[in-house]
Structure formats: structure tokens, C-alpha cells
Amino acid sequence: MQTSSCKVLFHTSNLGPACVYNTDQSGFNLEIHSERTLAIQGARHVEATAQSITCMTHSYTIQPTISASGKLLSPLMVILKESSERLGPQVQSTMFVAKNIYVMASKSGKVSKEIVKIWFTSVFYPNIQSPATLILDSLSTQNNEELLQQVRPEGMEFELLTIPPGTTSIIQPLDVFFFRQWKNFVRKFSDFIIMEDIEVQLGQRDNILRLQSLVHNQFSSPRYEAMISYAWFKCGYLEHRQPFINPVEFCFNAGHNPCCICGGKNFIRCSWCMNFICFVHFFTDYHYCNNFVH
């Protein structure tokens, strides 16, 4: 069934915004930087620094799911690019593991019908309650009615609404607002590593997973529920908006406050505990937090 703002507005009013979801995939280069740099006006050639040219062109995919009530579902699916199209036993036994990410692989680093099936059975359905409505774009790989009938749990009241082709930039919440916030957040990591000359390769498999797990954890903070709901409001699915702060504004305007652990230069302010933390104690030591402080 194709969707419209009126149709989704009806569902959010009758089921409640906590029961209406949107999911989609977004590609990430292994190394992602700000598109701005300083140069002399009129310069014909502008140089910039990167850790790896290859990492600027190779990518992987994430698939988050958000509700109209402002919740970010867990786990986040991460699809890595692997030539063997799967994660072998040795890789699985040694790679970084986090409870808030579900890792898959494909040759392209993009979604496939088999991955979509696993997403429904292992990521989506176990973490929602009936009744529920899911808004999907018209991509045939994932928007497959036959597949949905195969994997739907018995007794689950579920309706799929399809976004018409060519309209995702207007009426898909993830595309309209949310993904931009996520990518801006990730850029802060890449840029900081370059500026501070830190020996961390974000394009390595374990660091990809560590990074996306930490970003998902930060975005899962109750602090950003109004921001996530705004994505739905901007599409016309909600009638009212609440004031909000986005994660980049909150986390990376920490001034000169020292790291709460070592007293060194801070990198980030945690969206949960509000502590100022340096790069090593946040990223390397994996600051996964659920201690929310208003």
C-alpha cells in the first residue's frame, strides 16, 4: 500500500506514534570527512589530508529504525563489504562484538533479499509489539510482500506502507532529517583523528563496528527523542514539534573542559552521563553508556 502524509498521520493518531516505524539503509565511506577546508581564495588546486584514498571510495551500509515517538530501535544492522559474501568463523570469533549492532556481510556492502529477511526475523520483529506499522521505500529488494508474509510472526498485527518512488527526500523521515545528523556525527571522528594525528584507522572492520555501536548508543539517549520526532514532523506525519538539540551541537561544543577520567583534552560530551571524555577513553576504551543525566 502506498503511503501519504494523511495515511501515516491517521496511523500515528490511532496506533500511537510509538507503534509507527521507518527503516532504511544508508551507505558510509570507510573514511568520511567534512567537505570544507581552508585555502587561499582563487587557488586552482586545494589539497586535503586523508588516511587512505581507498577508504574514501569504499563503503559499508547501516540500517537504523526509528519510531514516530522518537525512539531509535536496537540493534542497528551493519552490512560490511566482504569478498566472500559472509563473515567466516575466524572473523566472527575475533571481531568486535557489541550488543546494539547486528552485523551482516555482502559482496557489495549493500542490502540483499536474504539480509532483508534476516533483518525482519532477527532485528525488527523481536523488538516491536503488535500492532505496528512500518514505512518503507519502494526498493524491491526490501519491499517484498511475499517475503513479508513468510517471516511475519503468527498473531502479529502489522501493516506495511510504501513510500512512492521519487518521494523519499520529501516524506521519508530518515532521509529528510535523521541520516544527515548521523553522518555529521561520524565526520567529527574522522576529522579529529586527522587533526590530532591519532593512529586509528576507522576503515578497519573492528573500528567500523566500534564507531557505529558508539554512535548508535549516543543517538539512543532520551535527549534526542524530540530530534527524532522532528524528522516525522518535517515529513508532515506529526502535527506538533518540540524544541530539540542535535547530537553534534550537544556533544562537540564542549569547550576546554578536561576529560573526566584522565584530565586530558576532551573529545566529546556523552549524551547520557554528560561527562567530558577524551578520544582514548571514549573510542578506544569504548564508552558505552546508559546512565542518563538530565
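All figures in this text were calculated on a predicted structure; none of them were measured in a lab.
- Hydrophobic clustering (ILVMFWY, side-chain heavy atoms < 4.5 Å, transitive): Ile245 and Phe177 are in one cluster.
- A 6.0 Å sphere centred on NZ of Lys117 holds no more than 12 heavy atoms belonging to other residues, nucleotides or ligands.
- Gln63 is linked by a side chain to side chain donor-acceptor pair (under 3.5 Å) to Thr23, Gln25, counting only residues two or more places apart in sequence or in another chain.
- Considering only residues two or more places apart in sequence or on other chains, Phe96 meets the ring-ring contact (aromatic ring centres under 6.0 Å, His included) condition with Tyr286.
- The aromatic rings of Phe244 and Tyr230 sit tilted relative to each other, their planes meeting at an angle between 30° and 60°.
- At least one donor-acceptor pair closer than 3.5 Å links the side chain of Asn184 to the backbone N or O of Arg180.
- Sorted by first and then second residue, the salt bridge (Lys or Arg N to Asp or Glu O under 4.0 Å) pairs involving residues 269-291 (not counting sequence neighbours) form an empty list.
- Atoms CG and SG, from Asn266 and Cys251 in turn, are 11.0 Å apart once rounded to the nearest 0.5 Å.
- Here Phe192 and Phe252 keep their ring centres 6.0 angstrom or further from each other.
- The heavy-atom pair separating Pro164 from Ser138 by the smallest distance is C-OG, 4.5 Å.
- Here the closest heavy-atom approach between residue Asn127 and residue Leu73 is recorded as O-CD2, 4.2 Å.
- Annotation: side chain of Phe28 is not in contact with side chain of Ile208 (no heavy-atom distance under 4.5 Å).
- Separation of atoms CD1 (Ile62) and CG (Asp24) is listed at 10.0 Å; rounding is to 0.5 Å.
- Proximity of a side-chain donor or acceptor of Trp232 to a complementary backbone N or O of Ser69 within less than 3.5 Å is not detected.
- For residues 134-154, there are no ring pair (Phe, Tyr, Trp, His ring centres under 6.0 Å) pairs, not counting sequence neighbours.
- Note on Trp119 and Met156: same hydrophobic cluster, where clusters join Ile, Leu, Val, Met, Phe, Trp and Tyr whose side-chain heavy atoms are under 4.5 Å apart, directly or indirectly.
- Applying the salt bridge (charged side-chain N to carboxylate O under 4.0 Å, His left out) criterion to Arg205, with sequence neighbours excluded, gives Glu82.
- Rounding to the nearest 0.5 Å gives a distance of 11.5 Å between CD1 of Ile268 and SG of Cys259.
- To the nearest 0.5 Å, atoms CD (Glu225) and CD1 (Ile66) are separated by 12.0 Å.
- Looking at residues two or more places apart in sequence or on another chain, you find no ring-ring contact (aromatic ring centres under 6.0 Å, His included) involving Phe250.
- What you find for Ile115 and Ser106 is that their closest heavy atoms are CD1-CB, 4.1 Å.
- For Tyr288, there are no side chain to side chain donor-acceptor pair (under 3.5 Å) partners, not counting sequence neighbours.
- Linking Ile, Leu, Val, Met, Phe, Trp and Tyr whenever their side-chain heavy atoms come within less than 4.5 Å leaves Ile79 and Val97 in two separate clusters.
- When all heavy atoms of Pro131 and Cys19 are compared, the pair lying nearest together is O-CB, 3.6 Å.
- You'll find the side chain of Asp175 stays beyond 4.5 Å of the side chain of Ser169, heavy atoms only.
- Every residue two or more places apart in sequence or in another chain that forms a salt bridge (charged side-chain N to carboxylate O under 4.0 Å, His left out) with Glu196 is listed here: Lys265.
- In terms of the side chain to side chain donor-acceptor pair (under 3.5 Å) criterion, residue partners of Gln212 (sequence neighbours excluded) are, by chain and number, Tyr60, Trp182.
- Side chain of Arg210 to main chain of Leu202: no donor-acceptor pair is present (N/O by atom type, distance under 3.5 Å, no hydrogens or angles).
- Scored by the side chain to side chain donor-acceptor pair (under 3.5 Å) test, Asn100 finds Ser213, His216 as partners (sequence neighbours excluded).
- For the pair Tyr237 (side chain) and Lys234 (backbone), a donor-acceptor distance under 3.5 Å is absent.
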- Task: In sequence, state the C-alpha distance, the side-chain angles, and the governing distance for Phe189 and Asn207, and then conclude on side chain to side chain contact (heavy atoms under 4.5 Å, CB included).
- Result: CA-CA 11 Å; Phe189 287 79; Asn207 286 335; over 6 Å; no
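- Under the 4.5 Å side-chain heavy-atom criterion for ILVMFWY residues, no single connected hydrophobic cluster contains both Phe292 and Val215.
- Interatomic distance, CG of Leu214 versus CD1 of Ile101, reported as 9.5 Å (0.5 Å rounding).
- A donor-acceptor distance shorter than 3.5 angstrom exists from the side chain of Thr61 to the backbone of Gly109, with no hydrogens or angles considered.
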- Message: Checking Tyr21 against Phe124 for the ring-ring contact (aromatic ring centres under 6.0 Å, His included) test, could you report, in this order, the C-alpha distance in whole Å, the side-chain angles of both residues, the deciding distance, and whether it holds?
- Response: CA-CA 10 Å; Tyr21 303 92; Phe124 183 63; 5.6 Å; yes
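- The heavy-atom pair separating Leu238 from Phe233 by the smallest distance is O-CD1, 3.3 Å.
- Between Met95 and Asp206 the shortest heavy-atom distance is CA-OD1, 3.3 Å.
- Within the structure, side chain to side chain donor-acceptor pair (under 3.5 Å) pairs that include any residue of residues 85-95 do not occur (at least two apart or interchain).
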Could you tabulate the donor-acceptor pairs under 3.5 Å formed by side-chain atoms of residues 270-282, not counting sequence neighbours?
from: Ser271; atom 1: OG; to: Gln218; atom 2: OE1; distance (Å): 2.8
from: Ser271; atom 1: OG; to: Tyr224; atom 2: OH; distance (Å): 2.6
from: Trp272; atom 1: NE1; to: Asn217; atom 2: O; distance (Å): 2.7
from: Trp272; atom 1: NE1; to: Cys289; atom 2: O; distance (Å): 3.4

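- Panel note: side chain Thr167, backbone Ile170; no donor-acceptor pair is recorded below 3.5 Å.
- For the atom pair CG (Leu174) and CG (Asp137), the distance works out to 10.0 Å, reported to the nearest 0.5 Å.
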